[in-house]
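A quick note: this is a predicted structure, and the numbers were derived from the prediction, not measured. Whatever order the structure lists ligands and atoms in, that order sets their numbers, starting from 1. When a residue number appears, it is its place in the shown sequence, counting from 1.
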Amino acid sequence: MSETLWYKNAVFYELYVRAFCDSDADGQGDLRGLASRLDYLQSLGVDCVWLLPIYPSPLRDDGYDIADFYNIHPDFGTLEDFKYFLDRAHELGLRVILDLVLNHTSDQHPWFQAARADRNSPYRDYYVWSDTPDRYADARIIFLDIETSNWTWDEQAGQYFWHRFFSSQPDLNYENPAVQEEMLKVVKFWLDMGVDGFRADAVPYLFEEEGTNCENLPKTHVFLKRLRRHIDEHYPGRVLLCEANQWPEDVRSYFGDGDEFQMGFHFPVMPRIFMALATADRTPVVEILQATPEIPDSCQWCTFLRNHDELTLEMVTPEERTFMWNTYAPEPRMRLNLGIRRRLAPLLDGERRKIELLNSILFTLPGSPIIYYGDEMGMGDDIWLPDRDGVRMPMQWDDSPNAGFSNAPADQLYHAPVEGVVFDYRTLNVAAQKADQGSLWHTIRKMVAMRKTTTAFGCGELEFLAPENKSILAFTRGCQQEVMLVVHNLSSTRQEVALDLLGWQGAAVKDILSAKDYPPVGPGPYSLNLEPYGYLWLRLQNA
Ligand code: BGC
């Protein structure tokens with residue numbers, strides 16, 4: 001595979017700098033701290049780190065409200081610290097992508113300050129204004145729990161301004177060519193610094209148009225193609241990852257003809273993996289992937305189980321949402337907007353087999369997987385914190401005070417690390433799990449390694465098998481000479497399954513995770529017996 005297509009077979013790791021490691025004992029993680037932990041990421045085996053926003057910000061939305069696109073938040077360090085971190089990462093063979101927030105700024109950004117202060121300022125037209133709150137009435141509200149309108153009256157400006165997220169995040173006006181130029185400059189600045197690409201935040205909402213829902217508009221694609229051209233011309237091999245929380249057919253358009261985004265999150269498959277587990281029935285996963293259009297060869301999906309936001313339930317039916325809430329968020333406090341504010345391990349009651357099973361699905365389905373920091377050891381959360389803070393807790397390094405995250409006095413930490421019966425940092429931490437060869441951490445590490453050395457997972461065609469037993473999710477991934485047969489048992493009981501492996505008669509079968517040989521494929525159906533929540537990664541080799 002050519003070097004510029006590195007993302008097609010990469011494992012990503014998403015992390016929040018504030019939560020990772022504090023180098024200067026102020027209670028906040030920072031870039032020097034992160035740099036000192038890069039060997040950890042290398043030992044886990046991931047290829048690329050995605051950092052949540054690191055720019056100056058009043059932090060009303062944890063940095064997604066940017067006040068200066070060209071600097072580093074002082075809590076995290078300086079531009080020199082960033083360069084130091086980036087160079088160390090590259091020395092270790094790790095790539096780094098940044099969050100690129102195109103859609104909006106903070107209301108503290110000097111552009112907005114100038115815009116609201118003076119109708120004649122050239123910055124006025126950097127934002128979207130109106131004398132009434134009635135325009136674009138068909139656009140939905142995203143942060144439902146907090147916002148009641150996408151328009152907010154600004155006293156100083158004497159007009160309403162438009163925002164798709166918090167009212168502290170005014171939307172930029174992409175109809176204004178100057179705004180487009182500004183954002184291309186931002187992109188250039190960070191690419192010149194050497195970053196390997198961007199996770200582009202909230203791209204469906206760049207443009208507005210009366211009579212539409214103001215999402216995925218043609219003009220948005222025109223601008224994004226321009227952005228991609230700009231990158232390809234000067235920085236080949238850098239990646240653009242699209243955050244469009246949309247149905248697959250709508251996300252499809254963000255890949256263009258291979259001339260827009262190289263990567264896009266597959267949002268709808270995520271809740272369906274949880275649904276399949278809860279019902280012990282593969283149908284939701286199979287149906288959504290069968291309804292997922294083909295994407296150009298140079299492109300790749302990006303898959304995840306959890307991230308820094310609530311587990312979004314936007315891409316499910318109302319009935320499915322109710323089911324997900326009842327099953328995975330029985331306490332009202334666990335719900336947020338149209339989602340669930342819990343981490344992976346608590347969602348699965350800390351059950352090791354379920355955590356492994358879902359990771360196995362993540363690592364073997366099409367798409368490059370993303371691990372959310374801490375989920376590799378089954379970290380917990382705190383649903384009592386506001387907004388999404390409870391899934392952004394300090395990384396649990398060891399059992400020392402502050403979980404080895406910081407040397408600050410405990411009361412100065414941005415949050416205390418997770419305590420409690422099941423997920424307490426004194427028992428659940430990196431040091432303990434690294435020392436125990438049987439830990440979840442070692443299992444995930446093995447999955448990362450196997451995923452990376454098995455080309456079929458990166459680029460292989462997906463073909464579902466259709467055994468009668470619906471609690472079995474089985475598929476093949478084939479690429480050139482390599483074919484993997486992956487089998488998952490979604491149920492809590494042992495399951496027998498007979499798989500139709502037509503065309504494979506005589507093939508040798510080996511589980512690449514346990515290195516165990518299975519009987520070769522015979523003339524009839526291939527019988528397997530899977531443990532509760534068991535999974536097998538079987539390599540098929542023609543004799
Ligand atoms: C990010 C959120 C953020 C929002 C507004 C989302 O897509 O993932 O964390 O609050 O964009 O920037």
Side-chain angles (χ1 to χ4, degrees), residues 12-19 50-69 73 97-109 112 127-128 139-147 150 152 161-172 174 183 186 198-206 214-216 220 224 240-247 250-251 254 261 263-268 270-271 302-315 336-343 370 372-373 381 385-393:
F12 288 71
Y13 189 89
E14 177 193 5
L15 70 83
Y16 183 34
V17 174
R18 184 181 307 284
W50 152 32
L51 303 185
L52 295 194
I54 52 173
Y55 319 98
S57 158
L59 302 176
R60 305 285 291 280
D61 185 10
D62 258 342
Y64 283 95
D65 46 337
I66 298 175
D68 177 358
F69 288 102
H73 193 289
I97 63 172
L98 296 183
D99 237 297
L100 174 69
V101 185
L102 294 165
N103 181 64
H104 45 265
T105 69
S106 158
D107 58 4
Q108 301 306 306
H109 195 289
F112 191 72
Y127 297 90
V128 182
R140 69 192 165 117
I141 296 167
I142 297 168
F143 285 162
L144 276 171
D145 289 7
I146 306 280
E147 300 296 341
N150 288 323
T152 289
F161 66 87
W162 177 251
H163 55 89
R164 293 309 301 270
F165 295 93
F166 290 131
S167 58
S168 49
Q169 291 164 302
D171 271 37
L172 286 164
Y174 275 81
M183 298 318 288
V186 169
F198 300 98
R199 174 260 191 195
D201 184 66
V203 291
Y205 320 110
L206 300 188
C214 298
E215 300 186 15
N216 314 318
T220 296
L224 292 169
L240 272 178
L241 162 60
C242 167
E243 192 222 12
N245 188 353
Q246 304 283 330
W247 293 101
D250 291 322
V251 181
Y254 288 91
F261 284 90
M263 303 189 82
F265 288 114
H266 198 308
F267 274 95
M270 179 274 297
C302 212
T303 49
F304 59 98
L305 295 171
R306 287 297 293 111
N307 63 19
H308 64 290
D309 287 325
E310 68 273 29
L311 185 166
T312 167
L313 298 174
E314 281 165 68
M315 293 302 124
L336 179 73
N337 301 316
L338 288 186
I340 302 175
R341 53 170 144 206
R342 303 182 76 191
R343 261 186 181 267
I370 294 197
Y372 184 48
Y373 82 94
D381 55 25
L385 293 176
D387 199 4
R388 292 148 289 174
D389 293 5
V391 299
R392 302 176 184 180
M393 307 288 279

(message) Quick one, Asp107 with Gln169, criterion side-chain hydrogen bond (donor to acceptor under 3.5 Å, both in side chains). Give me CA distance, side-chain angles, the key distance, then yes/no.
(response) CA-CA 6 Å; Asp107 58 4; Gln169 291 164 302; over 6 Å; no
(message) Starting from atom 9 (O) of ligand 1, what is the nearest protein heavy atom, named by residue and atom, and what distance separates them?
(response) Asp309 OD1, 2.7 Å
(request) Number the atoms of ligand 1 from 1 as they appear, then name those within less than 4.0 Å of a heavy atom of His308, with their elements. (result) 1 (C), 2 (C), 8 (O), 9 (O)
(request) Check ligand 1 against Asp61 and write out every atom of the ligand that is under 4.0 Å from a heavy-atom position of the residue. (result) 3 (C), 4 (C), 5 (C), 10 (O), 12 (O)
(message) Give the atom numbers and elements of ligand 1 that come within less than 4.0 Å of a heavy atom of His104.
(response) 5 (C), 12 (O)
(request) Step through it carefully: locate the ring centre of Phe166, locate the ring centre of Phe143, and say whether they are under 6.0 Å apart. (result) yes
(message) Within ligand 1, which atoms have a heavy atom of Phe165 less than 4.0 Å away?
(response) 4 (C), 5 (C)
(request) For Arg388, take its heavy atoms, then give the atoms of ligand 1 lying under 4.0 Å from any of them. (result) 2 (C), 3 (C), 9 (O), 10 (O)
(request) Over all heavy atoms of both residues, which pair between Pro53 and Val101 is shortest? Give the atoms and the distance, please. (result) CG-CG2, 4.5 Å
(message) Just to be sure I read this right, does ligand 1 sit under 4.0 Å from the backbone of Phe143, its side chain, both, or neither, counting only heavy atoms?
(response) side chain
(message) Only heavy atoms of Glu243, strictly under 4.0 Å: list the atoms of ligand 1 that pass.
(response) 6 (C), 7 (O), 8 (O)
(request) Would you kindly say whether Asp171 and Tyr205 are connected by a side-chain donor-acceptor distance under 3.5 Å? (result) no
(message) Does the plane of the ring in His308 sit parallel, tilted or perpendicular to the ring in Trp50? Use 30° and 60° as the thresholds.
(response) perpendicular
(request) Please check if atom CZ in Arg388 has more than 12 non-hydrogen atoms from other residues, nucleotides or ligands closer than 6.0 Å. (result) yes
(request) Identify the protein heavy atom lying closest to atom 11 (O) of ligand 1, giving its residue, its atom name and the separation to 0.1 Å. (result) Asp201 OD1, 2.9 Å
(message) Tell me whether the rings of Phe69 and His109 are parallel (<30°), tilted (30 to 60°) or perpendicular (>60°).
(response) tilted
(message) Please work out, at 4.0 Å between heavy atoms, whether the side chain, the backbone, both, or neither of Arg199 comes within that distance of ligand 1.
(response) side chain
